[in-house]
Number of protein chains: 2
Amino acid sequence: MEKQTNGRPAGASDARPRAAADDCADCGPQGADTLALRVVARAITGKWKLEIISCLMDGPMRFGELRRALPDVTPHMLSAQLRELAASGLVSRAAFAEIPPRVEYALTEAAWALVPVLRELLAWARRHGRPDGLGVAD
Amino acid sequence: MEKQTNGRPAGASDARPRAAADDCADCGPQGADTLALRVVARAITGKWKLEIISCLMDGPMRFGELRRALPDVTPHMLSAQLRELAASGLVSRAAFAEIPPRVEYALTEAAWALVPVLRELLAWARRHGRPDGLGVAD
DNA sequence: CTGTATCCACGGTGATACTG
DNA sequence: CAGTATCACCGTGGATACAG
């Protein structure tokens, strides 16, 4: 591209554009913004969380239903990921003290509010995401 | 609800509301959508990638500048994360065969296109992200 | 049916030291 | 200045078995 192979624009190296990419005044590399983003990243980072959310987008599901819908997920992981999703407020857990026991998981309002953003992320991935250079193969 | 506590009605088990949360016809839990989302998640998942991106939002930076801006990141990790970011097309690497050697890293257009989405993610985090229940403390 | 307990492999991350 | 090499730790996730 137009990237010069050499030649520093130089002198005023401190003349940062301050591109207004962040909206808070104090946003440094370790600012609150980045922190918050890491929280979100963490919330959906996990080998099966997106799959679980995707399932739950069709409506509430029980533990066994999720197991059947996601055959590759062990009970161990399903339980763990579900607990983490609940801890981050993305999934609600409704247990019924019956025989046999029944538990239903569903997306919270926060999760539903996140869905449109996820779809934008998806749109971005379709525009810019090349399968090359990424190792997402399990 | 009308969902019986036991005895799955095997026949009508496919009567999902189909909440129209996804936009592709074939989106199952392991659909292309979820796959693409995992690619994005992977692209920004890494202990320092968001911090690096945040730094680069102020303009191109050299390796040493990043080191100074992110004192907690070892050269090892900085190099690794930078390589991964470059591999996923979020960061460009411009090397100059000079003495002393100089390398500049910058956000690609794809990364800039991702920024607004990141900001929405951020807005979501502010609305729904509680500091409790999350373990992002390093 | 709904999970938990235990063991174990792997990879991401950090510390330190070294090279072009 | 800009990395790489090597070692070690630890959390994530998988397999299997067990419990309320």
Side-chain angles (χ1 to χ4, degrees), chain A residues 6 8 10 13 38 41-52 60-88 91-106 134-138, chain B residues 3-10 13 38 41-52 55 60-88 91-106 134-138:
Chain A
N6 198 332
R8 255 345 256 310
S13 54
R38 290 182 59 177
R42 178 97 186 175
I44 63 170
T45 296
K47 207 165 186 182
W48 304 107
K49 288 189 189 161
L50 288 171
E51 277 81 353
I52 292 173
M61 288 182 96
R62 301 172 53 174
F63 192 87
E65 287 182 293
L66 284 167
R67 274 189 80 174
R68 258 169 273 123
L70 305 167
D72 293 340
V73 190
T74 62
H76 177 96
M77 280 314 298
L78 187 52
S79 175
Q81 305 270 292
L82 243 13
R83 261 185 281 113
E84 288 180 26
L85 284 169
S88 47
V91 162
S92 64
R93 183 181 187 275
F96 306 86
E98 305 172 347
I99 304 290
R102 187 172 102 251
V103 181
E104 278 202 348
Y105 296 91
L134 303 146
V136 199
D138 303 348
Chain B
K3 190 188 292 287
Q4 49 279 27
T5 58
N6 201 336
R8 293 281 305 161
S13 57
R38 290 182 58 176
R42 178 98 184 172
I44 62 171
T45 296
K47 205 166 185 178
W48 305 106
K49 287 187 188 162
L50 288 170
E51 277 82 353
I52 293 172
C55 277
M61 287 181 97
R62 302 172 55 172
F63 193 87
E65 287 182 293
L66 285 168
R67 273 189 81 172
R68 260 171 271 121
L70 306 167
D72 294 340
V73 190
T74 62
H76 178 95
M77 279 315 295
L78 187 51
S79 175
Q81 305 271 290
L82 245 12
R83 259 185 282 113
E84 288 179 27
L85 284 169
S88 48
V91 161
S92 65
R93 182 182 187 276
F96 307 87
E98 307 171 346
I99 304 291
R102 190 173 97 251
V103 182
E104 279 202 346
Y105 295 91
L134 304 144
V136 200
D138 301 344

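Every chain is numbered from 1, with letters handed out A, B, ... down the list of sequences. Just the heavy atoms: all of them, side chains too, but no hydrogens, waters or symmetry mates, feed the values below. Note that the structure is predicted; figures quoted are calculated from it, not measured.
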Item to check | A/Thr45: partners by side chain to side chain donor-acceptor pair (under 3.5 Å), with sequence neighbours left out | outcome: B/Thr45

Next on the checklist: Under the rule for side chain to side chain donor-acceptor pair (under 3.5 Å), what residues qualify as partners of B/Arg67, not counting sequence neighbours?
Outcome noted: none

Checklist entry - What integer distance in Å separates B/Leu78:CG from C/dT13:C1'? => result 13 Å

Checklist entry - Whole Å only: how far is the CD atom of B/Gln81 from the C1' atom of C/dG11? => result 13 Å

Checklist entry - Does anyone know the first and last nucleotide of DNA chain D in reach of chain A, 5' to 3', at under 4.0 angstrom to a heavy atom? => result D/dT12 to D/dG20

Next on the checklist: With a cut-off of less than 4.0 Å, is there a side-chain N or O of B/Trp48 near OP1 or OP2 of C/dG14?
Outcome noted: yes

Checklist entry - C/dT13 C1' sits how many Å from B/Ile52 CD1, rounded? => result 13 Å

Item to check | Min side-chain heavy-atom separation A/Asp72-A/Trp48 under 4.5 Å | outcome: yes

Checklist entry - Do B/Glu51 and A/Arg38 sit within salt-bridge range, that is, some charged N less than 4.0 Å from a carboxylate O? => result yes

Item to check | Side-chain heavy atoms of B/Tyr105 within contact of B/Met61, under 4.5 Å | outcome: no

Next on the checklist: Over the length of the helix from C/dC1-D/dG20 to C/dG20-D/dC1, how much do the five-pair end axes diverge, rounded to 10 degrees?
Outcome noted: 50°

Item to check | Contact letters for nucleotides 15-20 of chain C, in which S counts primed atoms plus P, OP1 and OP2 and B counts the base, heavy atoms under 4.0 Å | outcome: B----B

Checklist entry - Does the side chain of B/Met77 reach to within under 4.5 Å of the side chain of B/Lys47, using non-hydrogen atoms? => result no

Next on the checklist: Keeping A/Glu65 on the side-chain end and A/Arg62 on the backbone end, is there a donor-acceptor pair under 3.5 Å?
Outcome noted: yes

Next on the checklist: I'd like to know if the side chain of A/Ser88 reaches the main chain of A/Leu85, judged simply by a donor and an acceptor atom lying under 3.5 Å from each other, with no hydrogens or angles considered.
Outcome noted: yes

Item to check | Atom pair CG/NZ of A/Leu82 and A/Lys49 - distance to nearest 0.5 Å | outcome: 10.5 Å

Checklist entry - With a 4.5 Å heavy-atom cut-off, do A/Leu66 and A/Val73 have their side chains touching? => result no

Item to check | Atom-to-atom span, CZ of A/Arg62 to P of C/dG3 - whole angstrom | outcome: 10 Å

Checklist entry - A/Arg93 CZ to C/dT4 C1': how many Å, rounded? => result 12 Å

Checklist outcome for this item: Walking DNA chain D from its 5' end, the first of B/Pro100 and B/Arg83 to be reached, judged by nearest nucleotide, is B/Pro100

Item to check | side chain to side chain contact (heavy atoms under 4.5 Å, CB included) partners for A/Ala94, two or more places apart | outcome: A/Phe96

Next on the checklist: Heavy atoms only, 4.0 Å cut-off, all strands: where does A/Phe96 land among base, sugar-phosphate and nothing?
Outcome noted: nothing

Next on the checklist: Rounded to whole Å, please give me the gap between NZ in B/Lys49 and C1' in C/dT13.
Outcome noted: 12 Å

Next on the checklist: I need the CG-P distance between A/Leu66 and C/dC1, as an integer number of Å.
Outcome noted: 13 Å

Next on the checklist: How many whole angstroms separate atom CD of A/Glu104 from atom P of C/dT2?
Outcome noted: 10 Å

